[in-house]
**Q** 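Starting off with a structure, shown below.
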Amino acid sequence: MSKHIVVIPGDGIGAEITAEALRVSQAAAEKCGFSFTYESKQAGGAAIDAYGVPLPEDTIEACRKADGVLLGAVGGPKWDNVAPELRAEKAILGLRKTLGLYANLRPIKVFPALAAQSPLKPELVRDVDILIVRELNGGIYYGDRQEAVTVKGIEQAWDKEGYSRPEIERIVRLACRSAIGRKGRVTSVDKANVLATSRLWRKVAAEVAVDFAQVEMSHMYVDNCAMQLVLNPGSFDVLVTGNLFGDILSDEAAVLSGSIGLLPSASLGDGTGLYEPIHGSAPDIAGQGLANPLGTILSAAMMFRFSLGNEKVAAMIEAAVDQVLSDGYRTADIYQQGQGLTKVSTEEMGQQVINRLK
Ligand SMILES: NC(=O)c1ccc[n+]([C@@H]2O[C@H](COP(=O)([O-])OP(=O)(O)OC[C@H]3O[C@@H](n4cnc5c(N)ncnc54)[C@H](O)[C@@H]3O)[C@@H](O)[C@H]2O)c1
């Protein structure tokens, strides 16, 4: 049966980057004898302009029925002053909630051809290939909170962190499954020396690991992990952690690659998956052909792997991206003068990837 996807360009550079990801997806699928259908829907600022809300019902319904959703990015200065519940970014939170997306997968790879552009020394980042698996639907971001109140003359506020065994089990299982076929190592990150939730996390993670004989599980405190990501990033394979720690560590790790425009992500639940680059809508460069589409193209590859069940198309796209970078093609964000590189536009980069699909 043919698979169906929803493409949400969103705002800013969203239309340019999703157009290239779609073109590459169609070309790769065709080469592999695979077919899929797609429809475009609106979310974010574009949806506020058209429907008055950031995530219209029509978009939600289409996403629920689809096998995968490919999203560009949402938001921009035009919608910065709307009411908080109407903010463009609410579209992402709404999609995560509606689709029950509890896991965020962020692969952090340093392409050998770009190692010199990392803020760390090339020899430290050359082997970096980390998959960060972040719990997305629980923890302190979803716990009870008390906004600032004054009690006995002292202003105070609190947020509650909570995790249940099933929430921890499903994310750690996903991390362990993801490690198979990689180096087979999972680092579970917590703060078990201080936090009760982390002690439960560590206990459950260790129990889950027993079911995965091929996987070697270790545990690391989050402060040490933040340090090791800079000192020895090549030592990690799969890293699994809760919502708050994952948010911070995944942004820290993202800078290793040298450009935010290169990194893909997948958000998974039990049904439709959501795939998007990790960057925002980059309003400063929108409409100028300057955006790097590779993060979105690699997000589409993840969609083929996790939601469309076609590893061959995923691997073909990833290999073509590797080759384009080795061949010296660069969008403005990763271009350096005087090194024999070829500067290309968003569309030309998409075409160069297509030319190398095999
Ligand atoms: N998931 C999302 O949709 C998402 C995520 C983050 C931010 N946002 C929104 O995006 C808007 C802009 O946010 P921001 O400026 O803080 O972050 P941003 O990621 O959009 O841009 C940060 C910097 O990186 C550059 N950049 C980003 N993506 C690039 C690409 N593909 N190629 C080349 N350069 C790229 C931009 O030009 C900018 O200089 C805001 O409205 C923000 O709320 C959306």
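We number each residue from 1, following the sequence as shown.
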**Q** Return yes when atom NZ of Lys97 has more than 12 non-hydrogen atoms of other residues, nucleotides or ligands closer than 6.0 Å, and no otherwise.
**A**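 Atom NZ in Lys97 is not packed in, count stays at 12 or less.
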**Q** Looking at Met302 and Ala266, what are the two nearest heavy atoms and their distance?
**A**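 Taking Met302 first and Ala266 second, the nearest heavy atoms are CE-CB, 3.7 Å.
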**Q** Start with the C-alpha distance between Arg87 and Glu89, add both sets of side-chain angles, then the distance that settles salt bridge (charged side-chain N to carboxylate O under 4.0 Å, His left out), and finish with yes or no.
**A** CA-CA 5 Å; Arg87 280 193 67 94; Glu89 292 77 5; 3.4 Å; yes
**Q** May I have the step-by-step check of salt bridge (charged side-chain N to carboxylate O under 4.0 Å, His left out) for Asp270 and Arg170, ending in yes or no?
**A** CA-CA 10 Å; Asp270 295 323; Arg170 66 181 179 182; 5.2 Å; no
**Q** Are Met303 and Val313 connected in the hydrophobic side-chain network, where two residues link if heavy atoms are under 4.5 Å apart?
**A** yes
**Q** Please name the pair of heavy atoms, one in Ile132 and one in Ala253, separated by the smallest distance, quoted to 0.1 Å.
**A** CD1-CB, 3.7 Å
**Q** For Asp322 and Lys109, run salt bridge (charged side-chain N to carboxylate O under 4.0 Å, His left out): C-alpha distance rounded to whole Å, both residues' side-chain angles, the deciding distance at 0.1 Å, then the answer.
**A** CA-CA 11 Å; Asp322 264 339; Lys109 189 174 161 180; 3.4 Å; yes
**Q** Verify the neighbour count for atom CD of Glu61: are there more than 12 heavy atoms of other residues, nucleotides or ligands below 6.0 Å?
**A** yes
**Q** Please report the shortest heavy-atom distance between Arg106 and Ala254, naming the atom on each side.
**A**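 So the minimum-distance heavy-atom pair works out to NH1-CB, 4.1 Å.
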**Q** If we only count heavy atoms from C-beta on, is the Phe236 to Gln228 side-chain gap below 4.5 Å?
**A** yes
**Q** With distance as the sole test, does Asp237 use its side chain to make a donor-acceptor pair with the main-chain N or O of Val186 at under 3.5 Å?
**A** no
**Q** Under 3.5 Å, is there a donor on one side chain and an acceptor on the other for Asp49 and Trp79?
**A** yes
**Q** Taking atom types as modelled, is there a side-chain donor on Tyr141 or Asp247 under 3.5 Å from an acceptor on the other?
**A**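 Note: Tyr141 and Asp247 side chains meet the donor-acceptor criterion.
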**Q** Looking only at heavy atoms, which two atoms of Ala46 and Gly10 are closest? And how far apart?
**A**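 Reported closest heavy-atom pair: CB-O, 4.0 Å.
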**Q** With sequence neighbours left out, what residues match Glu252 under salt bridge (Lys or Arg N to Asp or Glu O under 4.0 Å)?
**A**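 In terms of salt bridge (Lys or Arg N to Asp or Glu O under 4.0 Å), with neighbours along the sequence ignored, Glu252 is linked to no residue.
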**Q** Surrounding CD of Glu348 (heavy atoms of other residues, nucleotides or ligands, distance under 6.0 Å), is the total greater than 12?
**A**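 More than 12 within 6.0 Å, yes.
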**Q** Please check if the distance between the ring centroids of Tyr275 and Phe306 is under 6.0 Å.
**A** no
**Q** Determine whether Arg165 and Glu207 satisfy the following criterion, salt bridge (charged side-chain N to carboxylate O under 4.0 Å, His left out), listing intermediate values before the conclusion.
**A** CA-CA 11 Å; Arg165 173 176 280 274; Glu207 287 170 17; 2.8 Å; yes
